[in-house]
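Here is how names work: the chains are called A, B, and so on, in the same order as the sequence lines, proteins then strands, and each is numbered from 1.
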Protein chains: 2
Amino acid sequence: MNPPTAPSLLLDEQLCFALYAASRRMTATYRPLLEALDLTYPQYLVMLVLWERDGVTVRELGARLQLDSGTLTPLLKRLEQAGLLARQRRQSDEREVEITLTDSGRKLHERAADIPRCLAERICLSVDRFVNLRDELKSLAAQLAAPTDD
Amino acid sequence: MNPPTAPSLLLDEQLCFALYAASRRMTATYRPLLEALDLTYPQYLVMLVLWERDGVTVRELGARLQLDSGTLTPLLKRLEQAGLLARQRRQSDEREVEITLTDSGRKLHERAADIPRCLAERICLSVDRFVNLRDELKSLAAQLAAPTDD
DNA sequence: AAAAATTATATTGTGCACAATTAAATTTGA
DNA sequence: TCAAATTTAATTGTGCACAATATAATTTTT
């Protein structure tokens with residue numbers, strides 16, 4: 001694979017497509033595991049946040065996952081419908097909606113406990129390469145999130 | 001950031017979320033550039049393939065981009081509507097639909113020529129890190145695409 | 001305190017992704 | 001040869017993403 005000394009329009013040379021394809025492939029790898037929990041991948045991400053800290057607002061969830069209310073509101077309603085969480089307006093500020101896990105939502109944590117190990121086996125990267133790839137991706141995302149004039 | 005010696009359910013330790021977030025951020029970075037061409041990011045990927053080789057079938061496009069007809073058919077119809085390509089059944093095999101660029105579609109290539117350079121400036125990675133990250137992502141996707149029992 | 005600005009969520013509409021099904025053309029094989 | 005199996009697209013339905021807008025609550029300003 002040639003280095004991108006002259007940035008080209010060739011699909012296989014592009015970082016963006018490698019990223020796009022790998023991300024979808026990763027989601028596809030999670031799919032059968034999450035199906036057992038009746039969760040989609042974005043729903044799983046929401047549950048990861050709530051398992052770390054319950055009682056967050058939609059805004060806080062959105063900040064953590066970089067998703068807006070147009071995505072989160074219907075997703076959270078589906079999780080509410082599934083009995084995993086409750087949504088209620090905050091008394092201190094009626095604009096905010098607080099998300100709290102139900103017993104059922106908390107219990108799902110146990111059933112999800114094996115997923116990271118399953119994935120680690122499937123991904124089969126050394127710790128060094130795993131950490132390096134993850135941190136390069138975080139660095140890239142941070143770079144792209146920064147204002148244009150930096 | 002701790003190495004994943006014991007795979008956990010912590011969002012910030014997960015490769016999958018770093019991948020998911022970086023991919024969406026990358027698409028968001030393309031968005032304003034592609035808006036000038038009246039293309040979405042997946043439409044741009046289709047055009048990249050067609051600029052490399054015109055006259056491919058939906059199946060070949062799908063193989064290249066790892067997308068199925070449920071995604072491609074409506075997307076291609078929109079690009080046809082926009083006057084960038086034509087869709088016609090192959091005479092040699094009526095099951096296949098051949099996609100050919102119109103003059104307008106070919107002309108768009110010139111207007112897209114600057115996009116890789118714009119992105120390269122925005123991403124601001126050394127050639128080594130760019131190539132390494134891209135190839136690690138390709139390797140990961142290939143690993144995840146392989147049958148489970150490998 | 002009332003008006004204006006800001007903030008948080010919800011709603012609407014468009015365009016992917018992807019599973020499942022359907023339909024039509026082609027190939028295989030009994 | 002012709003019935004069965006396979007291949008290719010299209011269709012249908014669900015669930016994200018995200019822009020744009022609306023609505024209601026809160027904060028800031030005058």
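Spacing between atom CG of B:Asp68 and atom P of C:dA19 amounts to 7 Å, rounded to whole angstrom units. Atom CZ of A:Arg89 and atom P of C:dA8 are 12 Å apart (whole Å). Put simply, CD on A:Glu80 is 14 Å from P on C:dT9, counting in whole angstrom units.
Within 4.0 Å of A:Thr71, counting heavy atoms only, lies at least one base atom of the nucleic acid.
DNA chain D is contacted by both A:Glu94 and A:Pro42; A:Pro42 maps to the nucleotide lying nearer its 5′ end (nearest heavy atom per residue). Along DNA chain C, the nucleotide closest to A:Val97 and the one closest to B:Arg78 are compared, and the more 5′ of them pairs with A:Val97. Residue B:Pro74 is the one, among A:Leu75 and B:Pro74, whose nearest nucleotide of DNA chain D lies closer to the 5' end (criterion: closest heavy atom). Nearer to the 5' terminus of DNA chain C, by closest-nucleotide assignment, is the contact made by A:Arg87 (compared with the other of B:Gln43 and A:Arg87).
Here B:Arg87 pairs with B:Glu80 in a salt bridge; the nearest charged N to carboxylate O distance falls below 4.0 Å. With respect to the salt-bridge test (charged N to carboxylate O, under 4.0 angstrom), the residues A:Arg31 and A:Glu35 do not qualify.
For the contact set between residues 18-38 of chain B and DNA chain C, defined by any heavy atom under 4.0 Å, there are no members.
One N or O on the side chain of A:Arg134 and one on the backbone of B:Glu13 form a donor-acceptor pair closer than 3.5 Å. Looking at A:Thr100, its side chain never comes within 3.5 Å of a backbone N or O of A:Gly55 through a donor-acceptor pair.
Where DNA chain D meets chain A (any atom under 4.0 Å from a heavy atom), the bounding nucleotides read 5' to 3' are D:dG15 to D:dT26.
Stacking of B:Arg24 on the aromatic ring of B:Tyr20 is recorded, both the 6.0 Å distance cut-off and the 45° axial limit being met.
Counting non-hydrogen atoms of neighbouring residues, nucleotides and ligands closer than 6.0 angstrom, the CD atom of A:Gln88 exceeds 12 such neighbours.
Side-chain atoms of A:Ser69 come within donor-acceptor range of the base of C:dA10, with a qualifying N/O pair under 3.5 Å.
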Salt bridge (Lys or Arg N to Asp or Glu O under 4.0 Å) assessment of B:Arg90 paired with B:Asp93: CA-CA 5 Å; B:Arg90 277 249 170 100; B:Asp93 187 337; over 6 Å; no
Check against salt bridge (Lys or Arg N to Asp or Glu O under 4.0 Å), A:Arg117 and A:Glu121: CA-CA 6 Å; A:Arg117 201 176 32 71; A:Glu121 280 177 22; 3.4 Å; yes
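B:Glu98 and B:Thr57 share no donor-acceptor pair across their side chains, judged by distance under 3.5 Å alone.
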